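Please read the structure below before turning to the comments.
This structure is a prediction, so every number in the text was calculated from the model and none was measured. Only heavy atoms go into these numbers, but all of them, side chains included; no hydrogens, no water, no symmetry mates.
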Amino acid sequence: MKIAGLTMNNVWAHRVLAEQGVETARTEQDEAGISVLVDSLSLAHHGPETNYRPYLHLSGELSSIRPVETLPYGVREVDFPTGGGDRIDAFYEFDDLQLGQLAHKGYFSSDFAVPEQITGIEWELSTTMDTLVLAPQDQQREDGVADVPVVFVNVHDAADLVIDLESCGYDPVEYFADYSKDHTAEFGGHVDDRILRSRSDEIRPLFAEETFDEVRSPAAADSPAEGAPVPAGHDEVKARLLEVESELEAEDESRRAERERTAGTVENLYQRLVAGSLIETDEQAVGQQMPASDVNQDPADQQNDLDLADDETAGPVMAPDRRPKTQQPEDIRRAAELEETKRRVAERAAELENEDETEADHHL
């Protein structure tokens, strides 16, 4: 007999158990086959204790039950209307061979996905169940049909049903698409020793087994060895490099001169306030230290003095009118003033440079 059934958590089951004088029959731990309309499939994995072993989580609604042994009153199958069956969550555990096939099909690829063709269909699974059967009444109904029993069913592990290839007979790995890359499937997912031996002559070490007696300097590395033939175009390349270097130097000089002419730049301030003062101070110091007779002396006389100095150097005796002159106190004072002027100019240049940097930071 095939009849419609109810779940054990239905309110009518509690009323039947509480009713006095009602004939019922109960069974427990009966083996049965169930049909589940699977509407959801997803890949998940266990924790680190099993190295994140993957499994397949399927979820759906219980549609029918077929007990291995016939239930009381000849019930062989119990059907449930849409929305009336329990929710079943089953977890399919892959064996090692199936895991290898999944890896070969690109399980670790980002594109790997569960096939859609194994959803929206009924899966036949095995489990155990408890039943409560309400005995039919002896009298017939008004339409002339004999009364039938009422069956309440409780499926064990409905929310945690563990299945595998052996228990259900399904191999979902066959329906997974192949997401592996071309180069991984070239040798059928496995490398033969003969292939390695046949390709060993093509493997070259990263570093050659050559030794070098000496380390060449960068200059020697750039220039060819003595007696070695000069590669074609070497002179043209060297000439071009020199030309590019000179162009870069000219650009730098032009850029520096432009900044010296631009008001407000560090180079312009240095030229106006520092460099000019240093040049004037040096010229004054040279003019003050050089005797007036030497400054206004005729070039011919200066040449004669040089000749005479050479003669004096060559001779053992110094001429009476060429005694070494001692530095006067006035010269010492002027030299000190020159050093003091240089120090002040350097301090002023440093202050100006710091002011420019502070102003640039404020703009930023």
Side-chain angles (χ1 to χ4, degrees), residues 1-14 16-17 24-47 50 52-73 75-95 98-99 102 107 112-134 148-176:
M1 181 187 303
K2 179 180 179 180
I3 63 174
L6 300 173
T7 59
M8 192 70 75
N9 57 4
N10 191 286
V11 63
W12 289 104
H14 299 282
V16 169
L17 293 175
T24 60
R26 303 192 63 172
T27 64
E28 295 181 351
Q29 300 291 334
D30 289 344
E31 295 183 357
I34 62 175
S35 296
V36 180
L37 181 60
V38 176
D39 54 27
S40 174
L41 275 174
S42 63
L43 276 172
H45 58 77
H46 295 286
T50 57
Y52 303 97
R53 188 184 183 95
Y55 61 86
L56 186 65
H57 177 203
L58 57 97
S59 180
E61 184 181 355
L62 178 66
S63 58
S64 65
I65 294 180
R66 294 169 302 280
V68 174
E69 295 183 1
T70 305
L71 296 177
Y73 309 105
V75 177
R76 295 182 176 274
E77 184 175 355
V78 180
D79 289 341
F80 297 90
T82 302
D86 287 331
R87 191 71 182 176
I88 305 297
D89 285 284
F91 301 90
Y92 188 100
E93 295 289 351
F94 300 104
D95 58 26
Q98 289 175 313
L99 290 179
L102 287 176
Y107 171 78
F112 194 79
V114 177
E116 297 181 356
Q117 59 265 34
I118 56 178
T119 59
I121 60 175
E122 287 189 349
W123 285 50
E124 303 292 337
L125 307 177
S126 299
T127 184
T128 57
M129 66 175 185
D130 300 333
T131 61
L132 173 64
V133 182
L134 177 62
V148 294
V150 179
V151 180
F152 299 92
V153 180
N154 175 40
V155 177
H156 293 173
D157 300 324
D160 189 19
L161 183 61
V162 179
I163 58 176
D164 55 17
L165 177 62
E166 183 178 357
S167 63
C168 68
Y170 293 123
D171 187 5
V173 177
E174 298 178 357
Y175 299 92
F176 280 86

- Task: Indicate the ring-plane relationship of Phe112 and Tyr107, choosing parallel, tilted or perpendicular according to the 30° and 60° boundaries.
- Result: perpendicular

Should the ring pair Phe94 and Phe176 be called parallel, tilted or perpendicular, given that the plane angle runs from 0 to 90° and is split at 30 and 60? perpendicular

Does the side chain of [Y] come within less than 4.5 Å of [X]'s, by heavy atoms?
X	Y	value
Phe152	Asn9	no
Val78	Thr131	no
Glu166	Asp95	no
Lys2	Asp79	yes

Look only at the side chain of [X] and the backbone of [Y], and say whether a donor-acceptor pair between them is shorter than 3.5 Å.
X	Y	result
Tyr92	Tyr170	yes
Asp164	Ser167	yes
Tyr73	Leu134	no

Can you tell me how far [atom2] of [Y] sits from [atom1] of [X], rounded to the nearest 0.5 angstrom?
X	Y	atom1	atom2	value
Phe80	Ile34	CZ	CD1	10.0 Å
Gln29	Asp130	CD	CG	6.0 Å
Met129	Leu71	CE	CG	4.5 Å
His45	Leu56	NE2	CG	14.0 Å
Glu61	Asp39	CD	CG	8.0 Å
Leu132	Met8	CG	CE	5.5 Å

Which of Asp30, Val155, Thr127 passes side-chain contact (heavy atoms from CB on, under 4.5 Å) with Ile65? Answer is Val155

Do you know which two heavy atoms are closest between [X] and [Y], and how far apart they sit?
X	Y	result
Pro81	Gly5	CD-O, 4.5 Å
Arg87	Gly60	CD-O, 3.5 Å
Tyr175	Gln117	O-NE2, 3.3 Å
Leu125	Ala90	CD1-CB, 4.2 Å
Leu41	Val38	CG-CG1, 4.1 Å
Val133	Pro149	CG1-CB, 3.8 Å

Any luck finding a side-chain donor-acceptor pair between [X] and [Y] under 3.5 Å?
X	Y	value
Thr7	Asn10	no
Ser35	Ser63	no
Ser64	Arg66	yes
Glu31	Thr128	no

